[in-house]
Amino acid sequence: MATISISEARSHVGEEVTLQGWLYNKRSSGKILFLQVRDGSGVLQAVVAEPDNPNLFAVANRLPRETSLRVTGTLREDRRAPIGCEMQLGSLEVIQEPTEDFPIELKEQTPGFLMDHRHLWIRTGSQVPMLRISDATFRAFRTFFYERGFVATEAPILTGASVEGTTTLFELDYFGEKAYLSQSGQLYLEATAMALGRVYWIGPAFRAEKSKTRKHVTEFWIAEAEMAFVDHRANLALQEDLVRHIVESVIKERKDELGQLKRDVDQLLEEVRGPFPRIDYGDAVKLLQEKGHEVSFGDDFGAPEEETLGNHFKKPVFIERFPVGMKPFYMKRDPRDLSRALAADLIAPEGYGEIIGGSQRVDTVDELLRQLDENHLPREPYEWYIDLRKYGSVPHSGFGMGLARVVTWICGAAHIREVIAFPRQINRLYP
RNA sequence: UCCUCGGUAGCUCAAUUGGCAGAGCGCUCGGCUGUUAACCGAAUGGUUGGAGGUUCGAGUCCUCCCCGGGGAGCCA
């Protein structure tokens with residue numbers, strides 16, 4: 001007899017199978033008992049009636065939620081079941097019966113309580129589909145680059161210098177020296193791109209910003225790519241292809257999970273259909289002013305501005321060519337207007353905020369030294385980075401994508417903390 | 001760091017002008033042969049975040065502190 005996962009149940013209708021999982025919930029009506037069994041791949045209902053098997057009924061009837069168990073029975077089609085089939089329970093083996101009541105209820109609970117029990121919360125409700133969609137998103141990113149001949153590479157997490165001097169970093173002691181947790185692998189990817197041509201990686205990034213919003217965590221996984229011989233416009237084209245690829249493949253692979261989340265998949269598909277608008281920073285400022293926002297040229301856009309832009313275009317939108325003062329030292333200036341950087345942010349629709357930041361990089365020593373000076377950054381920790389411009393420098397571009405932000409958007413989740421298994425927030429380091 | 005709203009049963013929330021601390025859910029028990037966060041009935045469950053103050057009397061008013069939610073700035 002086959003041991004299968006619940007996601008495979010549909011194709012085993014009519015067979016006797018064994019499932020291993022946990023008791024998610026239990027309902028009864030008189031002499032019929034319904035066990036909701038979950039195994040991580042889905043939830044399936046096992047049914048037992050008392051007259052058919054009084055002993056089995058009695059055992060099953062007193063099991064508490066989250067009992068780990070093995071159930072064996074015959075699968076049969078049933079239109080009333082959410083997944084189209086259910087199990088006629090034949091036998092049941094308890095692996096462990098919980099020693100205490102499971103604290104997560106299948107009712108509304110407050111975020112604070114749920115976050116305190118994050119290790120248990122992830123077993124319930126929409127958390128499982130969201131984590132599975134997160135998996136699909138990570139994989140779609142890697143597949144996209146693998147299929148295009150990019151080389152997966154690495155960047156260190158422990159660093160001696162910051163990527164952007166302005167952002168707050170987590171500082172730690174490194175054998176008596178100051179070290180920082182990486183906030184981006186970009187500078188190192190620029191080096192590996194000069195070795196390997198076109199590279200990508202997914203790794204953790206840390207920001208010691210005291211942000212407390214639905215879009216922010218202090219630790220998140222960043223997906224970055226860096227390409228030699230690629231300019232600003234080609235960079236944007238690749239980002240657009242990437243985002244479309246991710247959304248389309250996640251929808252294809254995780255249709256059931258998106259359905260469980262009641263995500264409007266048609267809207268999501270429509271959002272990535274056709275070219276993404278590319279709007280000059282200056283035009284974006286004008287558009288926002290017309291829509292009543294109090295922004296002036298040189299201001300960064302906040303969450304309300306990003307939401308307005310997303311609602312206006314109903315698609316991911318590139319804001320490009322920012323004033324150089326707003327952007328970090330490594331971005332190349334637009335040769336046609338040296339006050340602007342060859343950079344773009346990609347703003348997700350529906351108010352999910354910035355999902356990509358990218359640019360063409362400075363590729364000459366003089367330019368790099370000047371921009372380090374203008375940003376009041378010391379040259380010494382960047383000597384190796386400056387070296388990259390000394391030995392056969394080429395035009396190159398890259399970008400970084402916040403994977404959890406993309407997952408939040410795809411899921412239609414209310415908060416980024418829901419799509420990360422153990423999110424690190426300003427006031428949460430446990431569990 | 002700032003703004004804002006909160007903290008009452010295991011959970012989610014009520015509590016009139018300052019006047020007996022309550023309900024739903026969960027757990028337990030009972031009922032129901034198709035339940036979908038089942039439903040119906042019963043029982044259980046309290047240091048009202050902490051310290052101090054005002055008052056005959058404080059969950060409620062005052063002061064300070066702690067914790068949480070939402071947002072801003074900054075960013076992906």
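Lettering of chains follows the sequences in order, A, B, ..., and the numbering in each one begins at 1.
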Query - Nearest-Å distance for atom pair CZ/C1', residues A:R65 and B:G26 - result: 9 Å
Requested in this report: Show the numbers, then the answer: is there a salt bridge (charged side-chain N to carboxylate O under 4.0 Å, His left out) between A:K314 and A:E270?
Outcome: CA-CA 9 Å; A:K314 296 187 166 45; A:E270 184 56 37; over 6 Å; no
Query raised in the report: So does A:R27 get a side-chain nitrogen or oxygen closer than 4.0 Å to the phosphate oxygens (OP1/OP2) of B:U33?
Result: no
Report task. Report which part of the nucleic acid A:I356 touches: base, sugar-phosphate, or nothing (heavy-atom distance under 4.0 Å, all strands). Result -> sugar-phosphate
Query raised in the report: Expressed in whole Å, how much space separates the P atoms belonging to B:C29 and B:A23?
Result: 22 Å
Query raised in the report: Less than 4.5 Å apart, any side-chain heavy atom of A:F301 and any of A:D345?
Result: no
Query raised in the report: Ignoring hydrogens and angles, does a donor from either the side chain of A:R405 or the base of B:C75 sit under 3.5 Å from an acceptor on the other?
Result: yes
Requested in this report: Determine the contact category for A:A404: base if any of its heavy atoms lies under 4.0 Å from a base atom, sugar-phosphate if only primed atoms, P, OP1 or OP2 are that close, otherwise nothing.
Outcome: nothing
Query raised in the report: Expressed in whole Å, how much space separates the C1' atoms belonging to B:G31 and B:G45?
Result: 23 Å
Report task. Identify whether any heavy atom of A:D78 sits under 4.0 Å from a base atom; if not, whether one sits that close to sugar-phosphate; answer base, sugar-phosphate or nothing. Result -> base
Report task. Find out whether the Lys NZ or Arg CZ of A:K315 is both under 6.0 angstrom from the six-membered ring centre of A:F276 and within 45° of the ring's axis. Result -> no
Query raised in the report: Less than 4.5 Å apart, any side-chain heavy atom of A:E100 and any of A:P98?
Result: no
**Report entry** Whichever of A:K107 and A:D116 has its nearest RNA chain B nucleotide further upstream toward 5'
**Finding:** A:K107
Query raised in the report: Does any donor-acceptor pair link the side chain of A:S211 with the base of B:C74 at a separation under 3.5 Å?
Result: yes
Report task. Could you say whether A:F102 or A:I32 is positioned toward the 5' end of RNA chain B, judged by the nucleotide with the nearest heavy atom to each? Result -> A:F102
Requested in this report: Report the distance from atom CH2 of A:W409 to atom C1' of B:A76, rounded to the nearest whole Å.
Outcome: 14 Å
**Report entry** Integer angstrom distance from the P of B:U8 to that of B:A14
**Finding:** 10 Å
Query raised in the report: Touch check for A:E86, heavy atoms < 4.0 angstrom, all strands: base, sugar-phosphate only, or nothing?
Result: base
Query raised in the report: Just checking A:H415: base, sugar-phosphate only, or nothing, at a heavy-atom cut-off of under 4.0 Å?
Result: sugar-phosphate
**Report entry** Separation of the C1' atoms in B:G73 and B:C2, to the nearest angstrom
**Finding:** 9 Å
Query - Sugar-phosphate, base or nothing in reach of A:E50, heavy atoms under 4.0 Å - result: nothing
Query - Phosphate-side-chain proximity, A:R214 and B:G70, N/O vs OP1/OP2 below 4.0 Å - result: no
Query raised in the report: Can you tell me how far C1' in B:C66 sits from the matching atom in B:C74, rounded to whole Å?
Result: 27 Å
Query raised in the report: Side chains of A:Y352 and A:E306: do they bring a donor and an acceptor to under 3.5 Å?
Result: no
Query raised in the report: Within this structure, what is the CH2-to-C1' distance between A:W201 and B:A76, rounded to whole angstrom?
Result: 14 Å
Query raised in the report: Within the structure, does a side-chain N or O atom of A:K31 lie under 4.0 Å from either OP1 or OP2 of B:C32?
Result: yes
Query raised in the report: Can you tell me if A:T137 uses its side chain to pair, donor with acceptor, with the backbone of A:I133 under 3.5 Å?
Result: yes
Requested in this report: Select base, sugar-phosphate, or nothing to describe what A:G302 touches, counting heavy atoms under 4.0 Å on all strands.
Outcome: sugar-phosphate
Report task. Pick base, sugar-phosphate or nothing for A:P64, based on heavy-atom distances below 4.0 Å to the nucleic acid. Result -> nothing
Report task. Using the P atoms only, state how far B:G49 lies from B:G68, rounded to an integer number of Å. Result -> 16 Å
Requested in this report: Name the pairing partner of B:G6, where a pair is Watson-Crick or G-U wobble with both distances under 3.5 Å, or state none.
Outcome: B:C67
Report task. Between B:U63 and B:U54, how far apart are the C1' atoms? Round to whole Å, please. Result -> 11 Å
Query raised in the report: When the C1' atoms of B:U60 and B:U17 are considered, how many whole Å apart are they?
Result: 11 Å
Report task. At under 4.0 Å between heavy atoms, which parts of nucleotides 9-15 of chain B does protein reach? Answer with one letter per nucleotide, 5' to 3': B base, S sugar-phosphate only, - none. Result -> -BSSS--
Report task. Calculate the interatomic distance between A:F57 atom CZ and B:U35 atom C1'; express it in whole Å. Result -> 12 Å
Query - Nearest-Å distance for atom pair CG/P, residues A:L114 and B:G68 - result: 15 Å
Query raised in the report: Do any N or O atoms from the side chain of A:S397 and from the backbone of A:V230 form a donor-acceptor pair under 3.5 angstrom?
Result: yes
Query raised in the report: Touch check for A:R428, heavy atoms < 4.0 angstrom, all strands: base, sugar-phosphate only, or nothing?
Result: sugar-phosphate
Report task. Looking at every strand, decide which applies to A:V217 at a 4.0 Å heavy-atom threshold: base, sugar-phosphate, or nothing. Result -> base
Query raised in the report: A:I347 CD1 to B:C75 C1': how many Å, rounded?
Result: 11 Å
Query raised in the report: Given the side-chain rings of A:W384 and A:Y188, with only the six-membered ring counted for Trp, is the space between their centroids under 6.0 Å?
Result: yes
Requested in this report: Answer yes or no: does a side-chain N or O of A:N427 lie under 4.0 Å from OP1 or OP2 of B:G69?
Outcome: yes
Query raised in the report: Under 4.0 angstrom, heavy atoms only, what part of the nucleic acid is A:R417 near: base, sugar-phosphate, or nothing?
Result: sugar-phosphate
Query raised in the report: Do the side-chain N or O atoms of A:K212 get closer than 4.0 angstrom to the phosphate oxygens (OP1, OP2) of B:G71?
Result: no
Query - Rounded interatomic separation in angstrom, taking CZ from A:F220 and P from B:A76 - result: 7 Å
Query raised in the report: How many Å lie between CD1 on A:I355 and P on B:C75, as a whole number?
Result: 18 Å
Query raised in the report: Checking only heavy atoms, does the side chain of A:R76 share a donor-acceptor pair with the base of B:G34 at less than 3.5 Å?
Result: yes
